[in-house]
Amino acid sequence: MANLWKMSQHGTKKRKLDRSTEDYMYFDSYSNVTIHEEMIADTVRTNTYRMGIFKNSKSIEGKVVLDVGAGTGVLSLFCAQAGARKVYAVEASSIADQAVRIVKLNQMEDTIEVIKATLETIELAEQVDVIVSEWMGYALLRESMLNSVIFARDKWLKPGGLILPSRADLYIAPINDLVVEGRLNFWSTVKAQYGVDMSCMTDFARKCIMNKDITVNPVTVEDVLSHPCKFAELDLNTVTLEQLRDVRGVFSCRCFGSSSIHAFCVWFTVTFPAEEKALVLSTSPFKPETHWKQAVLYLDDAVDVMQDTKVEGEISLYPSEENSRHICIRVDYVIGEQKKHSKTFSIPDQYLEIK
């Protein structure tokens with residue numbers, strides 16, 4: 001991937017990729033077993049989808065389903081088990097070949113048709129009653145796969161049809177990071193250990209660690225410094241491609257107690273409709289960990305806060321100029337009596353080949 005760089009990552013500009021290169025890199029990343037192992041092994045993710053599909057079996061039984069980005073075909077198989085008459089499993093990467101084998105192994109080849117192609121290029125024999133897709137990436141929107149779901153909705157879904165999941169919500173909260181604090185303090189301890197003063201490294205370490213990367217890490221409940229703030233909601237029945245070009249919202253919260261804010265934490269939920277109680281797949285730090293973990297956005301400097309210190313601002317998620325499947329996040333924020341700060345973040349290279 002190094003040949004795609006125009007210059008180095010920090011402080012310089014990358015070459016914008018054409019869409020065919022973007023798509024090749026994206027679909028190629030799904031050709032390896034590792035990412036599919038990670039997703040299927042994520043029991044929170046996979047079981048919630050399974051339950052969400054089965055809870056909607058009355059809307060699926062005897063109906064036609066379109067699985068957008070089917071991968072190994074596990075969601076298509078769930079739909080077939082829920083009684084679907086026909087499932088179109090659309091997958092553009094080479095993992096589609098394995099999906100064909102899995103479908104045959106489960107004796108579902110009369111119900112499930114695996115189509116190895118991009119969603120935007122296929123032709124189906126009929127309109128569909130249900131669309132199912134696991135389209136969420138880091139910080140919800142990384143990968144731009146929701147665009148394909150919207151395309152499928154507008155072209156193939158019957159009026160009043162069902163989309164699973166049907167809604168997505170985005171949340172933000174300030175967090176403390178004791179690991180980062182310890183790494184920054186480390187340079188002040190070197191002299192006592194070795195007799196060499198390296199405390200001047202602290203500023204350099206801060207710039208390296210608290211950078212402009214969207215860091216994907218699990219955040220513990222103890223590190224969250226306020227109640228979650230929901231800043232955006234996407235209704236998959238109505239959201240448009242234009243709206244996805246800039247998903248933004250405001251947030252305002254008050255800190256629980258005396259601490260230091262090192263970063264903001266962003267996560268999402270998606271909701272499956274149900275007759276009685278809707279089913280929610282959550283990537284919150286207050287819930288069991290998923291393979292999405294949380295998106296951590298480090299401030300340039302830690303800010304000390306007290307009980308009820310107000311934290312407010314605006315956050316915007318939008319596609320990267322270099323690659324539309326990658327995401328940028330801009331946060332404009334005020335903490336307590338400090339002046340307004342702004343910072344823009346992007347996904348670093350190490351996450352470009354995994355979900």
Quiz item: Are the charged groups of E126 and K86 less than 4.0 angstrom apart, N to O?
Solution: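 Salt bridge: no.
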Quiz item: Looking at K158 and D129, does any basic side-chain N land under 4.0 Å from a carboxylate oxygen?
Solution: yes
Quiz item: Step by step, would you call F272 with T48 a side-chain contact (heavy atoms from CB on, under 4.5 Å)?
Solution: CA-CA 9 Å; F272 295 80; T48 305; 4.0 Å; yes
What I'd like to find out is whether the side chain of [X] reaches to under 4.5 Å of the side chain of [Y], using heavy atoms alone.
{"X": "V64", "Y": "R85", "answer": "yes"}
{"X": "K293", "Y": "V216", "answer": "yes"}
{"X": "F78", "Y": "D67", "answer": "no"}
{"X": "E38", "Y": "H36", "answer": "no"}
{"X": "L178", "Y": "E222", "answer": "no"}

Self-check item: Trace of the side-chain contact (heavy atoms from CB on, under 4.5 Å) decision for L236 with W135
Solution: CA-CA 11 Å; L236 269 65; W135 52 268; 3.5 Å; yes
Quiz item: side-chain contact (heavy atoms from CB on, under 4.5 Å) with K343: which of V331, L297, D300?
Solution: D300
Quiz item: With under 30° as parallel and over 60° as perpendicular, where do the rings of H341 and Y333 fit, or are they tilted in between?
Solution: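 Ring orientation, 0 to 90° scale: parallel.
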Quiz item: How are the rings of F268 and W292 set to each other: parallel, tilted or perpendicular (split at 30° and 60°)?
Solution: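 Rings of F268 and W292: perpendicular, over 60°.
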Any sub-3.5 Å donor-acceptor pair from [X]'s side-chain atoms to [Y]'s backbone N or O?
{"X": "Q294", "Y": "C265", "answer": "no"}
{"X": "R206", "Y": "A302", "answer": "no"}
{"X": "N237", "Y": "I163", "answer": "no"}
{"X": "N211", "Y": "C208", "answer": "yes"}
{"X": "D177", "Y": "V180", "answer": "yes"}
{"X": "E91", "Y": "G71", "answer": "yes"}
{"X": "E314", "Y": "V250", "answer": "no"}

Quiz prompt | Criterion side-chain contact (heavy atoms from CB on, under 4.5 Å) on V190 and W187, from CA distance to verdict | solution = CA-CA 6 Å; V190 174; W187 298 103; 4.2 Å; yes
Quiz item: Quick one: side chain to side chain contact (heavy atoms under 4.5 Å, CB included) partners of R330, sequence neighbours excluded?
Solution: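 Per chain and number, R330 pairs via side chain to side chain contact (heavy atoms under 4.5 Å, CB included) with Y318, D332, S342, T344.
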Quiz item: With sequence neighbours left out, what residues match A82 under side chain to side chain contact (heavy atoms under 4.5 Å, CB included)?
Solution: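 Side chain to side chain contact (heavy atoms under 4.5 Å, CB included) check on A82 returns I53, F54, S57, I60.
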Quiz item: Could you go step by step and tell me if L140 and L317 meet the side-chain contact (heavy atoms from CB on, under 4.5 Å) rule?
Solution: CA-CA 10 Å; L140 184 68; L317 289 73; 5.5 Å; no
Practice problem: Verify the distance criterion only: is there a donor paired with an acceptor across the side chains of T215 and D213 at less than 3.5 Å? | Solution: no
Quiz item: Does any donor atom in the side chain of N323 or S320 lie under 3.5 Å from an acceptor atom in the other side chain?
Solution: no
Quiz item: What closest approach, in Å, do P165 and T271 show between heavy atoms, and which atom pair accounts for it?
Solution: CB-O, 3.3 Å
Quiz item: Where is the tightest heavy-atom contact between I329 and A139, given as atom of each residue plus distance?
Solution: CD1-CB, 4.1 Å
Quiz item: Passes side chain to side chain donor-acceptor pair (under 3.5 Å), T220 versus D223? Steps please.
Solution: CA-CA 5 Å; T220 64; D223 292 336; 2.9 Å; yes
Self-check item: Listed partners of F251 passing ring pair (Phe, Tyr, Trp, His ring centres under 6.0 Å), at least two apart
Solution: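 For F251, the residues satisfying ring pair (Phe, Tyr, Trp, His ring centres under 6.0 Å) (neighbours in sequence not counted) are F264.
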